[in-house]
Protein chains: 2
Amino acid sequence: MEKTLRADARRNREKIMVAARELFAREGEDVQIEQIAAHAGVGIGTVYRHFPTKQDLVTELVRSRFQQFTEIALAAEEIEDPAEAVATLFTESANAVEGDAGFQMAIMGVEDLEWEGIEEEKAAFAGPATRIIERAVKAGAIRPDFSFDDFPMLMCGITSTMYFGPGGGEWRRHLDLILAGLRPG
Amino acid sequence: MEKTLRADARRNREKIMVAARELFAREGEDVQIEQIAAHAGVGIGTVYRHFPTKQDLVTELVRSRFQQFTEIALAAEEIEDPAEAVATLFTESANAVEGDAGFQMAIMGVEDLEWEGIEEEKAAFAGPATRIIERAVKAGAIRPDFSFDDFPMLMCGITSTMYFGPGGGEWRRHLDLILAGLRPG
DNA sequence: CACTATACGGAACTAAGATTCCGTTTGTCA
DNA sequence: TGACAAACGGAATCTTAGTTCCGTATAGTG
């Protein structure tokens with residue numbers, strides 16, 4: 001199916017993805033399709049040929065970010081110390097998102113957030129992440145009432161604070177407090 | 001100066017404020033001026049006579065919310081137990097904002113957030129809030145590296161999680177974790 | 001009760017940005 | 001090397017929502 005794409009089409013699609021990734025990361029969701037097309041060196045029509053909707057393009061980028069989360073979770077699962085594994089899961093995920101304004105806005109997005117077409121990636125991430133958290137709970141390394149269900153919400157919260165202050169980076173204090181709050185007792 | 005307003009004008013201004021407060025709270029910042037006008041039972045032109053810009057209207061509502069924060073802070077300052085005062089400051093502020101989608105979006109607003117015309121209200125709030133936090137730090141009731149500077153960021157984070165999940169209310173777990181994270185040691 | 005400055009209503013105007021359309025170009029295959 | 005389907009480019013179109021304008025209505029005043 002992918003093979004059916006003509007050579008130039010495949011090349012252009014890639015250029016669009018790269019340009020979109022960079023611009024969405026830098027400017028957030030409000031970059032215009034026109035800018036993305038210009039940055040990619042293609043026409044507007046070409047962008048629409050590959051991604052019928054702006055949302056489709058955003059979804060694609062969110063999807064790849066989720067895949068990165070899964071990699072992070074799988075790596076964190078290898079860490080022996082249960083508490084450290086949890087801390088790494090949080091910290092690395094946040095770091096991955098730090099420079100990506102588009103993703104931040106996407107997961108904070110108030111409306112629609114159907115995340116259609118992302119379920120699969122979400123599920124792939126939930127597996128290792130859940131195991132990491134449950135292991136820590138069983139080991140008594142974190143408070144027993146914590147579960148994976150809280151993770152997305154907390155990441156949303158941490159993410160939203162990435163905009164704060166001039167230089168940024170203040171969100172690390174937020175993360176710090178949450179990690180401290182995870183301690184049992 | 002207020003006296004110069006004609007009776008019907010004063011009445012309409014009030015109707016607009018009430019309608020805007022309700023709609024912004026329910027729908028968030030994306031309600032249209034037209035809806036507000038309709039809900040208030042006045043024409044679009046009338047809304048613009050009183051608030052030259054949509055932003056002016058939002059600012060007005062944010063301002064009154066800040067005044068409420070100040071009241072909360074002053075009340076919390078009366079609490080004897082330093083740790084409880086801090087917890088109350090957080091909890092009550094968050095509660096006040098729970099049903100107000102417009103305010104939430106406003107303080108999370110990525111762009112412009114100049115908050116011109118709010119400096120005064122912000123300063124009025126900073127006074128008692130700072131005293132509450134510093135008292136708790138001095139008493140060893142919360143971690144010593146915490147300061148008022150962290151408060152706005154954290155409120156932003158908590159606020160952003162108010163959208164999460166179906167029923168909502170999950171943000172209380174977020175707040176809970178942060179409060180737990182404030183403990184010294 | 002006139003008279004006038006204020007205020008009102010809402011159609012019309014704009015701006016911004018997403019999406020469509022269609023004439024032109026180019027890869028692919030025989 | 002044709003021939004043609006697949007792709008391309010970007011002007012034109014559509015849509016949405018904020019804002020302006022101006023003819024009409026009315027509170028306040030002498």
Side-chain angles (χ1 to χ4, degrees), chain A residues 1-20 23-24 26-62 101-102 105-106 109-114 116, chain B residues 1-20 23-24 26-62 101-102 105-106 109-114 116:
Chain A
M1 188 123 277
E2 294 289 327
K3 301 294 125 176
T4 338
L5 271 185
R6 229 168 67 176
D8 55 344
R10 185 158 47 252
R11 205 180 320 126
N12 279 333
R13 186 188 171 88
E14 191 50 34
K15 287 200 290 184
I16 292 166
M17 287 280 276
V18 169
L23 289 185
F24 272 123
R26 196 160 63 212
E27 318 277 359
E29 270 186 319
D30 46 1
V31 283
Q32 293 146 234
I33 295 291
E34 198 174 346
Q35 297 175 48
I36 292 173
H39 200 69
V42 303
I44 300 177
T46 302
V47 174
Y48 276 94
R49 163 166 304 276
H50 291 284
F51 304 93
T53 283
K54 188 180 184 181
Q55 184 59 41
D56 289 331
L57 190 47
V58 172
T59 299
E60 200 57 36
L61 296 178
V62 170
M105 294 171 92
V110 184
E111 31 216 329
D112 55 65
L113 61 168
E114 290 307 299
E116 298 177 14
Chain B
M1 188 127 274
E2 295 289 326
K3 300 297 126 176
T4 337
L5 272 185
R6 229 166 67 175
D8 56 345
R10 185 159 46 253
R11 205 179 321 125
N12 278 333
R13 185 187 173 89
E14 192 50 34
K15 286 198 292 184
I16 293 167
M17 287 280 276
V18 170
L23 289 184
F24 272 122
R26 195 161 64 213
E27 318 277 0
E29 269 187 318
D30 45 1
V31 283
Q32 291 144 235
I33 294 292
E34 200 175 345
Q35 296 174 48
I36 292 173
H39 200 69
V42 303
I44 300 175
T46 302
V47 174
Y48 276 95
R49 162 166 305 276
H50 291 284
F51 305 94
T53 284
K54 187 181 185 181
Q55 184 60 41
D56 289 332
L57 190 45
V58 173
T59 298
E60 201 56 35
L61 296 178
V62 170
M105 295 172 92
V110 184
E111 30 216 330
D112 57 63
L113 60 169
E114 292 304 303
E116 298 177 14

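Per chain, numbering begins at 1; letters A, B, ... match sequence-line order. Quick note: numbers below take in every heavy atom, side chains included, and nothing from hydrogens, waters or symmetry partners. Nothing here was measured: the structure is a model prediction, and the numbers come from that model.
The base of C:dT6 does not come close enough to the side chain of B:Arg49 for any donor and acceptor atom to sit less than 3.5 Å apart.
Not one side-chain nitrogen or oxygen of A:Thr46 sits closer than 4.0 Å to the OP1 or OP2 atom of D:dA7. For C:dC8, one of the phosphate oxygens OP1 or OP2 lies less than 4.0 angstrom from a side-chain nitrogen or oxygen of B:His50. The side chain of B:Asn12 places no N or O atom within less than 4.0 Å of a non-bridging phosphate oxygen (OP1 or OP2) of C:dA7.
Rounded to whole angstrom, the span from the CG atom of B:Asp56 across to the P atom of D:dG18 amounts to 13 Å. Residue B:Arg6 contributes atom CZ, which lies 10 Å from atom P of C:dT6 at whole-angstrom precision. Going from atom CD1 of A:Ile33 over to atom C1' of D:dA11 covers 17 Å, rounded to whole Å. Rounded to whole Å, the distance from CG on A:Leu57 to P on C:dT19 is 11 Å. The nearest whole Å value for the distance from the CZ atom in A:Arg13 to the P atom in D:dC8 is 11 Å. A straight line from CZ of B:Phe51 to P of C:dC8 spans 11 Å, rounded to a whole angstrom. Taking atom CD of B:Glu14 as the reference point, atom P of C:dA7 lies 16 Å away to the nearest angstrom. Nucleotide C:dG9 holds its C1' atom 12 Å from the CD atom of B:Glu34, rounded to whole Å.
Counting only heavy atoms from C-beta on, A:Asp8 has its side chain closest to D:dA7 among D:dA7, D:dT26, D:dT19. Each of D:dA5, C:dG10, C:dT19 was ranked by its minimum atom distance to the side chain of B:Ile44; first place goes to C:dG10. The side chain of A:Leu5 lies closest to D:dA7, out of D:dT20, D:dA7, C:dA18.
The structure places CZ of B:Arg49 at 7.5 Å from OG1 of B:Thr46, a figure rounded to the nearest 0.5 Å.
Residues B:Gln32 and B:Arg11 both approach DNA chain D. Their nearest nucleotides, taken by heavy-atom distance, put B:Gln32 toward the 5′ side. In terms of position on DNA chain C, the residue among A:Val31 and A:Gly45 whose nearest nucleotide sits closer to the 5' end is A:Val31.
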request  = I would like to know whether A:Ile33 and A:Phe51 meet side-chain contact (heavy atoms from CB on, under 4.5 Å); could you show each step before the answer?
outcome  = CA-CA 10 Å; A:Ile33 295 291; A:Phe51 304 93; over 6 Å; no
field: Stepwise side-chain contact (heavy atoms from CB on, under 4.5 Å) check, B:Asp56 with B:Glu60
entry: CA-CA 6 Å; B:Asp56 289 332; B:Glu60 201 56 35; over 6 Å; no
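For CD of A:Glu34, the number of neighbouring non-hydrogen atoms (other residues, nucleotides, ligands) closer than 6.0 Å is 12 at most.
For the pair B:Lys54 (side chain) and B:Val31 (backbone), a donor-acceptor distance under 3.5 Å is present.
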